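Residue numbering restarts at 1 for every chain, and letters A, B, ... go by the order of the sequence lines. It should be emphasised that the depicted structure is a prediction, and the values quoted were computed from it without experimental measurement.
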Protein chains: 2
Amino acid sequence: MTSALRQFKADIFQGLAHPTRIAIVETLREGELPAGKLVERLELEQANASQHLAVLRAKQIVVSRKLGNQVYYSLRDPVLTKVLDLLRRYFYSQLSETANMLEEIEQESARVK
Amino acid sequence: MTSALRQFKADIFQGLAHPTRIAIVETLREGELPAGKLVERLELEQANASQHLAVLRAKQIVVSRKLGNQVYYSLRDPVLTKVLDLLRRYFYSQLSETANMLEEIEQESARVK
DNA sequence: TCAGTATATTCGCATTTTAGAATGTACTGA
DNA sequence: TCAGTACATTCTAAAATGCGAATATACTGA
């Protein structure tokens, strides 16, 4: 793999490396939304939302178009939602592993008693 | 989506948000490797590699096991390689879009002449 | 036990990221 | 033209990240 590709991937990941930006992307899965709606739904500070949107724009994760007074945002590529879906599965598999671990520890400590 | 899930996803992305860590993960796709081999193949400073490995461990992206003198690393879950594959496609689609754009600009400037 | 090897951790420093406050810009409707 | 709305940008301080140098830890074989 070329170093450019690595840098590119790292940039995408970095763009998504914040809970607020994840929330924005997840919200945009359902379709285009003006910035104001995002602020409202996610209960963000206006400036903060705008900064996170700037990051997502810079990393080419979202695109925006101006419509009158508002700026509508949408996901640039649906592939990203697939990535998020994969991670959801990963998350749950981790969760169940952790649950199993806890259970084992519990049984262990019960046995020791 | 719960905020815990968002934080989890953000953590994964953050763990992958560096070209060196991407390189490590891509290298580990082929299988388990001791830290030293990674240092060698990727031409990293030993301390630096160790720090990046610590990040990957903290985010649960890799697991390690000690074998004698060495520490072998491997990917915790193959799902992550799927994520990287998806991004590779994304990368190339972006590339070709950029190429198209450049071509259009070129044709435009040719027309203007 | 001791030198050598493999890896991890700590330290100091520079850079980046983040949040909120303040301010700027662009558009709309009266 | 002007007040109001929707966003973006800039500034500042705090926190997090990244690097290499130095140091620490753990294991091996003599």
Worksheet entry | B:N69: side chain to side chain donor-acceptor pair (under 3.5 Å) partners, not counting sequence neighbours | none

Discussion item. Test of understanding: with salt bridge (Lys or Arg N to Asp or Glu O under 4.0 Å), list the residues that count as partners of B:K66, not counting sequence neighbours.
Written reply: none

Practice prompt. May I have the distance from A:E45 (atom CD) to D:dA6 (atom C1'), rounded to whole angstrom?
Written response: 16 Å

Practice prompt. Measure from CG on A:N48 to C1' on D:dA8 and round the result to the nearest Å.
Written response: 13 Å

Worksheet entry | Rounded interatomic separation in angstrom, taking NE2 from B:H52 and C1' from D:dC19 | 8 Å

Worksheet item: Tell me: CD of A:Q51 to P of D:dC11, nearest whole Å?
Response: 13 Å

Worksheet item: Under a 4.5 Å side-chain heavy-atom rule over Ile, Leu, Val, Met, Phe, Trp and Tyr, are B:V55 and B:F13 clustered together?
Response: no

Item to complete: Have a look at B:A35 and say if it touches a base, only the backbone sugar-phosphate, or nothing, with a 4.0 Å heavy-atom cut-off.
Response: sugar-phosphate

Worksheet item: Charged N to carboxylate O under 4.0 angstrom, A:K37 versus A:E32?
Response: no

Practice prompt. May I ask you to say what A:E40 touches in the nucleic acid, namely base, sugar-phosphate or nothing, with a heavy-atom cut-off under 4.0 Å?
Written response: nothing

Worksheet entry | salt_bridge(A:D85, A:K82) N-O dist < 4.0 Å | no

Practice prompt. Would you mind reading off the distance between A:K66 atom NZ and D:dC7 atom P, rounded to a whole angstrom?
Written response: 10 Å

Worksheet item: For A:Q70 and D:dA8, what is the distance between atoms CD and P respectively, to the nearest whole Å?
Response: 11 Å

Worksheet item: Contact boundaries of DNA chain C with chain B (under 4.0 Å, heavy atoms), 5' to 3'?
Response: C:dT5 to C:dT10

Item to complete: Figure out the CG/P separation between B:L67 and D:dA26, and round it to whole Å.
Response: 17 Å

Discussion item. If I take atom NE2 in residue A:H18 and atom C1' in nucleotide D:dA15, what distance separates them, rounded to the nearest angstrom?
Written reply: 11 Å

Worksheet entry | Side chain of A:N69 - closest among D:dT9, D:dC19, D:dA6 | D:dA6

Discussion item. Please identify which of these residues, B:Q14, B:Q7, B:K9, meets the side chain to side chain donor-acceptor pair (under 3.5 Å) condition with B:D11.
Written reply: B:Q7

Fill in: Side-chain donor-acceptor pair present, A:R65, A:Y73, cut-off under 3.5 Å
no

Practice prompt. Select base, sugar-phosphate, or nothing to describe what B:Y73 touches, counting heavy atoms under 4.0 Å on all strands.
Written response: sugar-phosphate

Worksheet item: Quick one: does A:Q46 reach the base of D:dA8 with a side-chain donor-acceptor pair under 3.5 Å?
Response: yes

